[in-house]
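Quick caveat, the model's predicted, so the values are computed rather than measured. Every heavy atom of this structure was used, including side-chain atoms; hydrogens, water molecules and symmetry mates were not. Both ligands and their constituent atoms are indexed starting at 1 by order of listing.
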Amino acid sequence: MKKIVGFVGWRGLVGSVLLERIIKKKDFKNFKFVFFSTSQVGFNNLYLNNFFKNKFLKDAYNLEELKELDIILTCQGSAYTNQVYYKLRKCGWKGYWVDAASDLRMKDESIIILDPINREEIIKSLNKGIKTFVGGNCTVSLMLLALGGLFKNKLIEWISFSTYQAASGGGSGYILELLKQIIFLNKSLNKDFIASKSILEIEKNVTEISKKSNFPKKNSLVPLILNLIPWIDEDRNNGQSKEEWKMEFETNKILSLNKKDKISIDGTCVRVGSLRCHSQSFLIKLKKNINLLDIEQIIASDNKWVKIIPNNKKSSLENLTPLSVTGTLQIPVGRIRKLSIGNKYISAFSIGDQLLWGAAEPLRRMLNFLI
Ligand code: NAP
(Lines give C-alpha, C1' and ligand atoms only; values in the text may rest on other atoms or scores of the structure.)
Protein backbone atom coordinates (compact mmCIF):
# COMPACT_ATOMS: atom_id res chain seq x y z
CA MET A 1 0.00 0.00 0.00
CA LYS A 2 1.25 3.49 -0.83
CA LYS A 3 2.45 5.54 2.13
CA ILE A 4 0.65 8.80 3.00
CA VAL A 5 2.90 11.85 3.22
CA GLY A 6 1.77 15.12 4.78
CA PHE A 7 3.52 18.30 3.62
CA VAL A 8 3.72 21.26 6.00
CA GLY A 9 5.51 24.52 5.15
CA TRP A 10 5.52 23.75 1.41
CA ARG A 11 4.56 27.38 0.59
CA GLY A 12 7.78 28.90 2.02
CA LEU A 13 11.13 29.25 0.33
CA VAL A 14 12.53 25.82 1.20
CA GLY A 15 9.13 24.14 0.81
CA SER A 16 8.49 25.53 -2.67
CA VAL A 17 11.96 24.54 -3.91
CA LEU A 18 11.25 21.08 -2.48
CA LEU A 19 7.90 20.87 -4.30
CA GLU A 20 9.53 22.04 -7.53
CA ARG A 21 12.11 19.23 -7.24
CA ILE A 22 9.52 16.57 -6.31
CA ILE A 23 7.37 17.57 -9.29
CA LYS A 24 10.39 17.61 -11.63
CA LYS A 25 11.58 14.18 -10.47
CA LYS A 26 7.98 12.78 -10.65
CA ASP A 27 8.25 11.50 -7.05
CA PHE A 28 4.55 12.14 -6.37
CA LYS A 29 3.55 8.99 -8.23
CA ASN A 30 5.21 6.92 -5.48
CA PHE A 31 3.05 8.00 -2.53
CA LYS A 32 -0.26 9.55 -1.50
CA PHE A 33 -0.03 13.12 -0.30
CA VAL A 34 -1.88 15.69 1.77
CA PHE A 35 -1.03 19.39 1.99
CA PHE A 36 -1.30 21.32 5.25
CA SER A 37 -1.08 24.97 6.20
CA THR A 38 -0.79 26.98 9.40
CA SER A 39 -2.53 29.99 7.84
CA GLN A 40 -4.66 28.95 4.84
CA VAL A 41 -6.74 26.04 6.16
CA GLY A 42 -9.53 25.08 3.72
CA PHE A 43 -8.03 27.08 0.83
CA ASN A 44 -7.81 25.56 -2.62
CA ASN A 45 -4.30 26.85 -3.33
CA LEU A 46 -3.87 28.29 -6.85
CA TYR A 47 -0.26 27.16 -7.24
CA LEU A 48 -1.04 23.58 -6.18
CA ASN A 49 -4.05 23.61 -8.48
CA ASN A 50 -1.66 23.80 -11.45
CA PHE A 51 -0.55 20.27 -10.61
CA PHE A 52 -3.23 18.61 -8.49
CA LYS A 53 -6.95 19.27 -8.61
CA ASN A 54 -8.98 19.89 -5.46
CA LYS A 55 -6.12 19.86 -2.99
CA PHE A 56 -7.79 21.77 -0.16
CA LEU A 57 -5.36 22.65 2.61
CA LYS A 58 -5.73 20.89 5.93
CA ASP A 59 -4.97 22.28 9.38
CA ALA A 60 -1.29 21.76 10.23
CA TYR A 61 -2.15 21.89 13.96
CA ASN A 62 -4.85 19.19 13.83
CA LEU A 63 -3.26 16.23 15.60
CA GLU A 64 -6.10 13.87 14.59
CA GLU A 65 -5.36 14.51 10.89
CA LEU A 66 -1.59 14.32 11.42
CA LYS A 67 -1.83 11.01 13.29
CA GLU A 68 -3.14 9.34 10.14
CA LEU A 69 0.07 10.05 8.21
CA ASP A 70 2.98 7.68 7.64
CA ILE A 71 5.40 10.52 7.05
CA ILE A 72 5.29 14.22 7.90
CA LEU A 73 7.66 16.43 5.95
CA THR A 74 7.84 19.92 7.38
CA CYS A 75 9.65 23.03 6.13
CA GLN A 76 7.62 25.28 8.40
CA GLY A 77 10.22 26.24 11.02
CA SER A 78 11.24 25.41 14.59
CA ALA A 79 8.25 27.16 16.23
CA TYR A 80 5.87 24.80 14.42
CA THR A 81 8.07 21.76 15.15
CA ASN A 82 8.17 22.57 18.85
CA GLN A 83 4.42 23.07 18.98
CA VAL A 84 3.46 19.84 17.22
CA TYR A 85 6.25 17.23 17.23
CA TYR A 86 6.31 16.39 20.94
CA LYS A 87 2.51 16.28 21.26
CA LEU A 88 2.30 13.89 18.32
CA ARG A 89 4.99 11.59 19.69
CA LYS A 90 3.38 11.74 23.14
CA CYS A 91 0.07 10.53 21.78
CA GLY A 92 1.80 7.50 20.29
CA TRP A 93 2.34 8.52 16.66
CA LYS A 94 5.05 6.23 15.22
CA GLY A 95 5.44 7.80 11.79
CA TYR A 96 8.54 9.35 10.25
CA TRP A 97 9.15 13.04 10.88
CA VAL A 98 11.37 14.77 8.28
CA ASP A 99 12.19 18.37 9.12
CA ALA A 100 14.04 21.36 7.63
CA ALA A 101 14.09 23.33 10.88
CA SER A 102 17.07 23.30 13.20
CA ASP A 103 15.70 22.53 16.69
CA LEU A 104 15.53 18.73 16.45
CA ARG A 105 19.03 18.47 14.94
CA MET A 106 20.64 18.58 18.38
CA LYS A 107 18.48 15.79 19.82
CA ASP A 108 19.92 12.29 20.30
CA GLU A 109 16.75 10.81 18.79
CA SER A 110 17.41 12.49 15.42
CA ILE A 111 19.77 11.92 12.51
CA ILE A 112 20.99 14.85 10.41
CA ILE A 113 20.50 13.80 6.80
CA LEU A 114 22.95 14.36 3.95
CA ASP A 115 23.05 11.02 2.18
CA PRO A 116 26.02 11.57 -0.16
CA ILE A 117 28.02 11.97 3.05
CA ASN A 118 26.27 9.81 5.68
CA ARG A 119 24.16 7.32 3.72
CA GLU A 120 25.44 4.38 5.77
CA GLU A 121 24.55 6.12 9.01
CA ILE A 122 21.04 6.84 7.70
CA ILE A 123 20.51 3.21 6.73
CA LYS A 124 21.85 1.99 10.09
CA SER A 125 19.53 4.34 11.95
CA LEU A 126 16.51 3.22 9.90
CA ASN A 127 17.33 -0.36 10.83
CA LYS A 128 17.58 0.69 14.47
CA GLY A 129 14.06 2.16 14.28
CA ILE A 130 14.96 5.87 14.32
CA LYS A 131 12.01 7.91 13.06
CA THR A 132 13.22 11.53 13.14
CA PHE A 133 15.34 12.90 10.32
CA VAL A 134 16.43 16.51 10.04
CA GLY A 135 18.10 18.41 7.21
CA GLY A 136 21.43 20.00 8.14
CA ASN A 137 22.29 23.67 8.35
CA CYS A 138 22.81 24.98 4.81
CA THR A 139 26.47 26.01 5.16
CA VAL A 140 27.31 22.72 6.92
CA SER A 141 25.73 20.61 4.16
CA LEU A 142 27.38 22.66 1.42
CA MET A 143 30.81 22.48 3.12
CA LEU A 144 30.53 18.70 3.55
CA LEU A 145 29.58 18.17 -0.08
CA ALA A 146 32.45 20.42 -1.21
CA LEU A 147 35.14 18.89 1.02
CA GLY A 148 33.61 15.41 1.47
CA GLY A 149 36.70 13.70 -0.01
CA LEU A 150 39.03 15.32 2.52
CA PHE A 151 36.68 14.54 5.41
CA LYS A 152 36.10 10.92 4.42
CA ASN A 153 39.82 10.30 3.94
CA LYS A 154 40.46 11.74 7.42
CA LEU A 155 42.88 14.32 6.05
CA ILE A 156 41.60 17.38 7.91
CA GLU A 157 43.14 18.54 11.18
CA TRP A 158 41.05 21.70 11.46
CA ILE A 159 39.17 24.24 9.34
CA SER A 160 38.70 27.95 9.73
CA PHE A 161 35.98 29.42 7.52
CA SER A 162 34.44 32.73 6.45
CA THR A 163 31.01 32.54 4.90
CA TYR A 164 29.21 34.85 2.48
CA GLN A 165 25.59 33.79 2.97
CA ALA A 166 22.68 34.72 0.72
CA ALA A 167 19.54 36.61 1.71
CA SER A 168 17.43 33.50 1.03
CA GLY A 169 18.95 31.90 4.15
CA GLY A 170 16.71 34.19 6.16
CA GLY A 171 13.49 33.00 4.48
CA SER A 172 11.07 34.56 1.99
CA GLY A 173 10.59 37.72 4.10
CA TYR A 174 14.32 38.43 3.99
CA ILE A 175 14.48 38.18 0.17
CA LEU A 176 11.43 40.42 -0.24
CA GLU A 177 13.04 42.95 2.08
CA LEU A 178 16.29 42.97 0.08
CA LEU A 179 14.21 43.79 -3.01
CA LYS A 180 12.37 46.53 -1.10
CA GLN A 181 15.76 48.01 -0.15
CA ILE A 182 16.71 48.12 -3.85
CA ILE A 183 13.41 49.85 -4.68
CA PHE A 184 13.89 52.33 -1.84
CA LEU A 185 17.33 53.31 -3.15
CA ASN A 186 16.09 53.40 -6.72
CA LYS A 187 13.22 55.75 -5.85
CA SER A 188 15.62 58.21 -4.30
CA LEU A 189 18.14 58.22 -7.14
CA ASN A 190 17.64 59.09 -10.76
CA LYS A 191 19.70 59.37 -13.94
CA ASP A 192 19.76 63.20 -13.91
CA PHE A 193 20.99 63.29 -10.32
CA ILE A 194 23.78 60.85 -11.15
CA ALA A 195 24.71 62.76 -14.32
CA SER A 196 24.86 66.14 -12.56
CA LYS A 197 26.79 65.26 -9.39
CA SER A 198 30.37 64.34 -8.56
CA ILE A 199 31.09 60.77 -7.51
CA LEU A 200 31.57 61.80 -3.88
CA GLU A 201 28.23 63.68 -3.82
CA ILE A 202 26.50 60.57 -5.21
CA GLU A 203 28.23 58.30 -2.67
CA LYS A 204 27.25 60.63 0.20
CA ASN A 205 23.65 60.74 -0.99
CA VAL A 206 23.37 56.94 -1.25
CA THR A 207 24.90 56.51 2.21
CA GLU A 208 22.43 59.01 3.68
CA ILE A 209 19.48 57.21 2.05
CA SER A 210 20.70 53.86 3.45
CA LYS A 211 20.86 55.35 6.94
CA LYS A 212 17.32 56.81 6.87
CA SER A 213 15.15 55.55 9.73
CA ASN A 214 12.39 54.44 7.31
CA PHE A 215 14.79 52.31 5.20
CA PRO A 216 13.18 48.80 4.99
CA LYS A 217 15.08 46.62 7.49
CA LYS A 218 12.53 44.82 9.66
CA ASN A 219 14.15 41.42 9.00
CA SER A 220 17.79 42.32 8.45
CA LEU A 221 17.83 45.00 11.24
CA VAL A 222 20.47 46.96 9.29
CA PRO A 223 20.57 47.52 5.49
CA LEU A 224 21.83 44.48 3.57
CA ILE A 225 22.09 46.13 0.17
CA LEU A 226 25.48 47.86 -0.33
CA ASN A 227 26.38 46.48 3.08
CA LEU A 228 27.02 43.16 4.84
CA ILE A 229 26.03 41.72 8.21
CA PRO A 230 28.71 39.90 10.22
CA TRP A 231 26.28 38.04 12.49
CA ILE A 232 23.79 35.29 11.61
CA ASP A 233 21.35 33.64 14.03
CA GLU A 234 21.38 33.94 17.82
CA ASP A 235 24.13 35.20 20.11
CA ARG A 236 25.55 32.30 22.16
CA ASN A 237 27.00 34.83 24.60
CA ASN A 238 30.51 33.44 24.25
CA GLY A 239 31.50 35.57 21.25
CA GLN A 240 30.19 32.99 18.78
CA SER A 241 26.96 33.11 16.77
CA LYS A 242 24.70 30.04 16.70
CA GLU A 243 25.31 29.74 12.94
CA GLU A 244 29.07 29.50 13.60
CA TRP A 245 28.55 26.95 16.38
CA LYS A 246 26.50 24.71 14.05
CA MET A 247 29.47 24.22 11.71
CA GLU A 248 31.45 22.11 14.17
CA PHE A 249 28.56 20.51 16.04
CA GLU A 250 26.55 19.41 12.98
CA THR A 251 29.60 18.35 10.94
CA ASN A 252 30.81 16.03 13.67
CA LYS A 253 27.30 14.65 14.22
CA ILE A 254 26.82 13.99 10.47
CA LEU A 255 30.21 12.27 10.28
CA SER A 256 29.45 10.34 13.53
CA LEU A 257 32.82 11.36 14.97
CA ASN A 258 33.39 10.70 18.64
CA LYS A 259 35.15 13.09 21.03
CA LYS A 260 38.60 11.69 20.22
CA ASP A 261 38.26 12.07 16.42
CA LYS A 262 36.27 15.32 16.51
CA ILE A 263 37.35 17.92 13.93
CA SER A 264 37.67 21.54 15.09
CA ILE A 265 35.84 23.93 12.80
CA ASP A 266 35.31 27.59 13.55
CA GLY A 267 35.11 30.94 11.80
CA THR A 268 32.83 33.85 10.98
CA CYS A 269 29.41 33.67 9.30
CA VAL A 270 28.44 36.73 7.28
CA ARG A 271 25.22 37.65 5.47
CA VAL A 272 25.74 39.31 2.07
CA GLY A 273 23.32 40.56 -0.58
CA SER A 274 23.46 37.57 -2.95
CA LEU A 275 20.09 35.97 -3.63
CA ARG A 276 20.17 32.21 -3.02
CA CYS A 277 23.73 30.85 -3.04
CA HIS A 278 26.02 30.64 -0.03
CA SER A 279 29.77 30.99 -0.60
CA GLN A 280 32.45 29.88 1.83
CA SER A 281 36.16 30.50 2.07
CA PHE A 282 38.15 27.82 3.88
CA LEU A 283 41.57 27.77 5.48
CA ILE A 284 42.30 24.09 6.04
CA LYS A 285 45.10 22.50 8.00
CA LEU A 286 45.74 19.02 6.61
CA LYS A 287 47.14 16.22 8.72
CA LYS A 288 49.99 15.75 6.25
CA ASN A 289 51.66 17.41 3.30
CA ILE A 290 49.81 16.31 0.15
CA ASN A 291 50.47 17.66 -3.33
CA LEU A 292 47.87 19.91 -4.89
CA LEU A 293 46.92 17.57 -7.75
CA ASP A 294 46.18 14.77 -5.30
CA ILE A 295 44.09 17.14 -3.17
CA GLU A 296 42.04 18.15 -6.20
CA GLN A 297 41.61 14.53 -7.21
CA ILE A 298 40.42 13.53 -3.71
CA ILE A 299 37.91 16.40 -3.65
CA ALA A 300 36.65 15.79 -7.20
CA SER A 301 36.11 12.06 -6.79
CA ASP A 302 33.89 12.24 -3.71
CA ASN A 303 30.52 12.87 -5.35
CA LYS A 304 29.08 13.70 -8.74
CA TRP A 305 28.06 17.27 -7.87
CA VAL A 306 31.44 18.59 -6.78
CA LYS A 307 33.53 20.20 -9.52
CA ILE A 308 37.08 21.57 -9.35
CA ILE A 309 37.42 25.08 -10.77
CA PRO A 310 40.97 25.83 -11.94
CA ASN A 311 42.60 28.43 -9.74
CA ASN A 312 42.84 31.29 -12.23
CA LYS A 313 40.95 34.56 -12.65
CA LYS A 314 38.98 33.63 -15.79
CA SER A 315 37.67 30.30 -14.45
CA SER A 316 36.88 31.82 -11.06
CA LEU A 317 34.86 34.68 -12.54
CA GLU A 318 33.03 32.37 -14.92
CA ASN A 319 32.32 29.45 -12.58
CA LEU A 320 32.80 30.49 -8.99
CA THR A 321 30.17 33.15 -8.34
CA PRO A 322 26.72 32.78 -6.74
CA LEU A 323 25.11 33.79 -10.04
CA SER A 324 26.85 31.00 -11.96
CA VAL A 325 25.67 28.34 -9.51
CA THR A 326 22.15 29.47 -8.63
CA GLY A 327 19.34 27.02 -9.43
CA THR A 328 21.76 24.10 -9.93
CA LEU A 329 22.93 21.20 -7.78
CA GLN A 330 26.58 21.85 -8.65
CA ILE A 331 29.13 22.37 -5.90
CA PRO A 332 32.12 24.12 -7.49
CA VAL A 333 35.31 24.24 -5.43
CA GLY A 334 38.03 26.63 -6.54
CA ARG A 335 40.85 28.88 -5.32
CA ILE A 336 42.60 25.72 -4.09
CA ARG A 337 46.22 26.47 -3.33
CA LYS A 338 48.93 25.87 -0.80
CA LEU A 339 49.28 28.82 1.55
CA SER A 340 52.60 30.48 2.24
CA ILE A 341 52.25 29.76 5.97
CA GLY A 342 53.18 26.08 5.63
CA ASN A 343 52.89 23.05 3.35
CA LYS A 344 49.98 21.49 5.28
CA TYR A 345 47.82 24.63 4.88
CA ILE A 346 45.51 25.04 1.90
CA SER A 347 42.78 27.46 0.92
CA ALA A 348 39.56 26.62 -0.94
CA PHE A 349 36.46 28.55 -1.95
CA SER A 350 33.14 26.90 -2.59
CA ILE A 351 29.59 27.84 -3.55
CA GLY A 352 26.28 26.04 -3.43
CA ASP A 353 22.61 26.77 -3.95
CA GLN A 354 21.52 26.80 -0.35
CA LEU A 355 17.89 26.11 -1.18
CA LEU A 356 18.77 22.96 -3.14
CA TRP A 357 21.64 21.02 -1.49
CA GLY A 358 21.54 23.44 1.42
CA ALA A 359 17.91 22.68 2.30
CA ALA A 360 15.40 20.93 0.00
CA GLU A 361 17.38 18.19 -1.76
CA PRO A 362 18.49 16.19 1.32
CA LEU A 363 14.82 16.17 2.46
CA ARG A 364 13.57 14.98 -0.94
CA ARG A 365 16.14 12.20 -1.03
CA MET A 366 15.25 11.13 2.52
CA LEU A 367 11.59 10.98 1.55
CA ASN A 368 12.51 8.64 -1.29
CA PHE A 369 14.53 6.43 1.09
CA LEU A 370 11.46 6.14 3.34
CA ILE A 371 9.11 5.42 0.46
P1 NAP B 1 9.70 30.89 4.89
O2 NAP B 1 10.00 31.16 3.46
O3 NAP B 1 9.59 32.07 5.79
O4 NAP B 1 8.34 30.01 4.96
C5 NAP B 1 7.82 29.47 6.17
C6 NAP B 1 6.28 29.52 6.15
O7 NAP B 1 5.81 30.86 6.24
C8 NAP B 1 5.59 29.02 4.89
O9 NAP B 1 5.59 27.64 4.83
C10 NAP B 1 4.18 29.61 5.04
O11 NAP B 1 3.40 28.77 5.90
C12 NAP B 1 4.45 30.92 5.76
N13 NAP B 1 4.31 32.10 4.91
C14 NAP B 1 3.77 33.27 5.32
N15 NAP B 1 3.82 34.19 4.36
C16 NAP B 1 4.38 33.62 3.28
C17 NAP B 1 4.68 34.09 1.97
N18 NAP B 1 4.43 35.33 1.57
N19 NAP B 1 5.26 33.22 1.10
C20 NAP B 1 5.55 31.98 1.48
N21 NAP B 1 5.27 31.48 2.70
C22 NAP B 1 4.70 32.29 3.62
O23 NAP B 1 10.82 29.98 5.55
P24 NAP B 1 11.95 29.07 4.86
O25 NAP B 1 13.12 29.88 4.48
O26 NAP B 1 11.33 28.21 3.81
O27 NAP B 1 12.45 28.18 6.10
C28 NAP B 1 11.64 27.17 6.67
C29 NAP B 1 12.44 26.37 7.68
O30 NAP B 1 13.55 25.77 7.04
C31 NAP B 1 13.05 27.21 8.83
O32 NAP B 1 13.07 26.47 10.00
C33 NAP B 1 14.46 27.43 8.39
O34 NAP B 1 15.33 27.65 9.48
C35 NAP B 1 14.76 26.11 7.71
N36 NAP B 1 15.83 26.21 6.72
C37 NAP B 1 15.81 27.26 5.88
C38 NAP B 1 16.82 27.36 4.96
C39 NAP B 1 16.84 28.53 4.04
O40 NAP B 1 17.80 28.61 3.34
N41 NAP B 1 15.86 29.41 3.95
C42 NAP B 1 17.80 26.38 4.86
C43 NAP B 1 17.76 25.28 5.72
C44 NAP B 1 16.75 25.20 6.65
P45 NAP B 1 1.81 28.58 5.80
O46 NAP B 1 1.48 28.10 4.43
O47 NAP B 1 1.53 27.57 6.83
O48 NAP B 1 1.28 29.93 6.08
Would you give me the side-chain donor-acceptor pairs under 3.5 Å for residues 172-183, sequence neighbours excluded?
unit_1: Glu177; atom_1: OE1; unit_2: Lys218; atom_2: N; d: 2.7
unit_1: Glu177; atom_1: OE1; unit_2: Asn219; atom_2: N; d: 2.7
unit_1: Glu177; atom_1: OE1; unit_2: Asn219; atom_2: ND2; d: 3.2
unit_1: Glu177; atom_1: OE2; unit_2: Asn219; atom_2: N; d: 3.1
unit_1: Glu177; atom_1: OE2; unit_2: Ser220; atom_2: N; d: 2.8
unit_1: Glu177; atom_1: OE2; unit_2: Ser220; atom_2: OG; d: 2.9
unit_1: Gln181; atom_1: OE1; unit_2: Leu224; atom_2: N; d: 3.0
unit_1: Gln181; atom_1: OE1; unit_2: Ile225; atom_2: N; d: 3.0
unit_1: Gln181; atom_1: NE2; unit_2: Pro216; atom_2: O; d: 2.9
unit_1: Gln181; atom_1: NE2; unit_2: Ser220; atom_2: OG; d: 3.3

Counterpart residues, side chain to side chain donor-acceptor pair (under 3.5 Å), relative to Ser37 (two or more places apart): none
In a simple table, one pair per line, please give the protein and ligand 1 atom names for every N or O pair closer than 3.5 Å, along with the distance.
unit_1: ligand 1; atom_1: 2 (O); unit_2: Leu13; atom_2: N; d: 2.9
unit_1: ligand 1; atom_1: 2 (O); unit_2: Ser172; atom_2: N; d: 3.1
unit_1: ligand 1; atom_1: 2 (O); unit_2: Ser172; atom_2: OG; d: 2.8
unit_1: ligand 1; atom_1: 9 (O); unit_2: Gly9; atom_2: O; d: 3.3
unit_1: ligand 1; atom_1: 9 (O); unit_2: Gly12; atom_2: N; d: 3.3
unit_1: ligand 1; atom_1: 9 (O); unit_2: Gln76; atom_2: OE1; d: 3.1
unit_1: ligand 1; atom_1: 11 (O); unit_2: Gln76; atom_2: OE1; d: 3.3
unit_1: ligand 1; atom_1: 11 (O); unit_2: Gln76; atom_2: NE2; d: 3.2
unit_1: ligand 1; atom_1: 13 (N); unit_2: Arg11; atom_2: NH2; d: 3.4
unit_1: ligand 1; atom_1: 26 (O); unit_2: Leu13; atom_2: N; d: 3.1
unit_1: ligand 1; atom_1: 26 (O); unit_2: Val14; atom_2: N; d: 2.8
unit_1: ligand 1; atom_1: 40 (O); unit_2: Gln354; atom_2: OE1; d: 2.4
unit_1: ligand 1; atom_1: 40 (O); unit_2: Gln354; atom_2: NE2; d: 3.0
unit_1: ligand 1; atom_1: 41 (N); unit_2: Ser168; atom_2: O; d: 3.0
unit_1: ligand 1; atom_1: 46 (O); unit_2: Arg11; atom_2: NE; d: 2.8
unit_1: ligand 1; atom_1: 46 (O); unit_2: Ser37; atom_2: OG; d: 3.3
unit_1: ligand 1; atom_1: 47 (O); unit_2: Ser37; atom_2: OG; d: 3.3
unit_1: ligand 1; atom_1: 47 (O); unit_2: Thr38; atom_2: N; d: 2.7
unit_1: ligand 1; atom_1: 47 (O); unit_2: Thr38; atom_2: OG1; d: 2.6
unit_1: ligand 1; atom_1: 48 (O); unit_2: Arg11; atom_2: NH2; d: 3.0
unit_1: ligand 1; atom_1: 48 (O); unit_2: Ser39; atom_2: OG; d: 2.4

Of the non-hydrogen atoms in Leu370 and Lys3, which two are nearest, and what is the gap between them? O-NZ, 3.9 Å
Take atom CD of Glu120 as the centre, draw a 6.0 Å sphere, and report whether it contains more than 12 heavy atoms from other residues, nucleotides or ligands. no
Using the ring of each side chain (for Trp, its six-membered ring), is Phe35 parallel, tilted or perpendicular to Phe7, with breaks at 30° and 60°? parallel
Please name all residues satisfying ring-ring contact (aromatic ring centres under 6.0 Å, His included) with Phe31, sequence neighbours left out, ordered by chain then number. Phe28
